[in-house]
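Just so we're clear, the structure is a prediction, and the values are computed from it rather than from any experiment. All values below were derived from every heavy atom in this structure, side-chain atoms included, with hydrogens, water molecules and symmetry-related copies excluded. Nothing fancy with the numbering, it's 1 onward along the sequence.
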Amino acid sequence: MQTKAILVMGLAAALTATTLSGCAERVRAPRDLGTCYFIGHTNKDEYKFNVVSKNEPDLEHCAARLYNVRMDLLRTGTAGTFTAGSYQGNFLFLDNHEIRYAQRYEGPAYPLLVKAPDGRLVAPGSVVREEDLPDKQVTVEVPKNLPKMPSDDKK
């Protein structure tokens with residue numbers, strides 16, 4: 001009887017710990033309309049939202065402003081591996097090659113803008129690099145182990 005009570009209490013404690021760990025306070029981005037923020041890290045668990053600009057029309061303009069902030073930080077040698085910012089509740093993560101956005105600081109981030117070869121920030125997939133055409137005719141051999149189709153017999 002005592003073993004069952006200990007087992008039940010242990011399971012209850014484990015369930016409580018698991019439930020409370022899911023309630024850990026997440027980083028919340030300010031939702032001020034049109035305000036672009038740079039996120040500074042004061043302590044391990046504290047974040048400071050510094051206003052970079054106000055009256056930004058959209059996420060892309062805020063991302064461009066934050067990219068300029070990152071370039072300034074790189075020039076002074078104070079930039080880390082990435083720079084973080086926020087705009088109207090969304091988070092922005094910048095590195096030297098792309099800008100990603102996410103709805104949560106801890107969540108997955110998706111590409112928003114990438115750096116083109118000429119240095120501009122553009123939408124992913126908008127830069128097409130043209131390949132040099134080969135000098136001579138290229139032939140491709142058909143593999144011999146392809147499955148046969150009923151229409152192959154009619155040829």
Side-chain angles (χ1 to χ4, degrees), residues 1-135 138 140 143 146-147:
M1 182 73 173
Q2 189 175 13
T3 307
K4 285 184 180 180
I6 292 173
L7 183 61
V8 169
M9 290 178 65
L11 287 173
L15 181 63
T16 302
T18 303
T19 304
L20 290 177
S21 68
C23 295
E25 188 173 329
R26 294 185 193 160
V27 179
R28 301 257 183 223
R31 295 189 171 274
D32 301 340
L33 292 178
T35 305
C36 185
Y37 293 94
F38 167 77
I39 300 175
H41 303 275
T42 57
N43 290 333
K44 186 176 181 183
D45 295 331
E46 291 184 22
Y47 302 94
K48 182 175 181 187
F49 291 87
N50 303 297
V51 175
V52 173
S53 62
K54 294 188 176 191
N55 299 323
E56 291 295 337
D58 52 35
L59 188 66
E60 288 83 4
H61 282 85
C62 177
R65 295 266 187 213
L66 285 170
Y67 187 77
N68 290 336
V69 168
R70 177 160 177 79
M71 292 299 108
D72 291 341
L73 291 173
L74 284 171
R75 280 188 211 101
T76 61
T78 57
T81 55
F82 75 95
T83 302
S86 72
Y87 178 78
Q88 292 183 191
N90 292 304
F91 291 96
L92 295 163
F93 303 100
L94 299 85
D95 63 19
N96 296 340
H97 305 290
E98 69 177 346
I99 301 173
R100 299 173 73 81
Y101 76 98
Q103 292 185 349
R104 284 189 255 147
Y105 190 81
E106 305 85 6
Y110 304 99
L112 176 68
L113 297 171
V114 295
K115 192 172 178 182
D118 62 358
R120 294 177 300 141
L121 292 172
V122 296
S126 63
V127 176
V128 178
R129 295 184 186 202
E130 295 195 22
E131 298 178 12
D132 293 333
L133 294 174
D135 296 338
V138 177
V140 179
L146 289 177

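Listed here is the closest heavy atom pair of A63 and I99: O-CD1, 3.7 Å. What you find for C62 and E56 is that their closest heavy atoms are N-OE1, 4.0 Å. Taking every heavy atom of both residues into account, K115 and N96 meet most closely at CD-O, 3.6 Å. Across all non-hydrogen atoms, the minimal contact from E98 to P111 is OE1-CB, 4.2 Å.
Other residues, nucleotides and ligands place more than 12 heavy atoms under 6.0 Å from the CG atom of D58.
Considering L66, L94, L92 in turn, L66 is the only one that fulfils the side chain to side chain contact (heavy atoms under 4.5 Å, CB included) rule with F38.
Among residues two or more places apart in sequence or in another chain, the side chain to side chain contact (heavy atoms under 4.5 Å, CB included) test is passed with Q103 by N90. In this view, Y105 and V27, I39, H41, Y47, F82, A84, F91, F93 satisfy the side chain to side chain contact (heavy atoms under 4.5 Å, CB included) rule, not counting sequence neighbours. Not a single side-chain hydrogen bond (donor to acceptor under 3.5 Å, both in side chains) links R31 to another residue, sequence neighbours left out. Taking the ring pair (Phe, Tyr, Trp, His ring centres under 6.0 Å) definition, one finds that H61 meets it with nothing, sequence neighbours left out. For T76, the side chain to side chain contact (heavy atoms under 4.5 Å, CB included) partners are T78, not counting sequence neighbours.
Note that CZ of F49 and OG1 of T35 are 12.5 Å apart. Values are rounded to the nearest 0.5 Å. Here the CG-CG distance, from L113 to L59, works out to 8.0 Å after rounding to the nearest 0.5 Å.
The shortest side-chain heavy-atom distance between T81 and D95 does not fall under the 4.5 Å cut-off. Residues E60 and L112 have side chains in contact (heavy-atom distance under 4.5 Å, counting atoms from C-beta outward). Residues L33 and Q88 meet the side-chain proximity criterion, which asks for heavy atoms closer than 4.5 Å. Residues S86 and P30 form a side-chain contact, since some pair of their non-hydrogen atoms from C-beta on lies under 4.5 Å apart. Here the side chains of Y37 and N50 are not in contact, with every heavy-atom distance at 4.5 Å or above.
Residue pairs that meet the salt bridge (Lys or Arg N to Asp or Glu O under 4.0 Å) test with at least one member in residues 66-94, sequence neighbours left out, are D72-R75.
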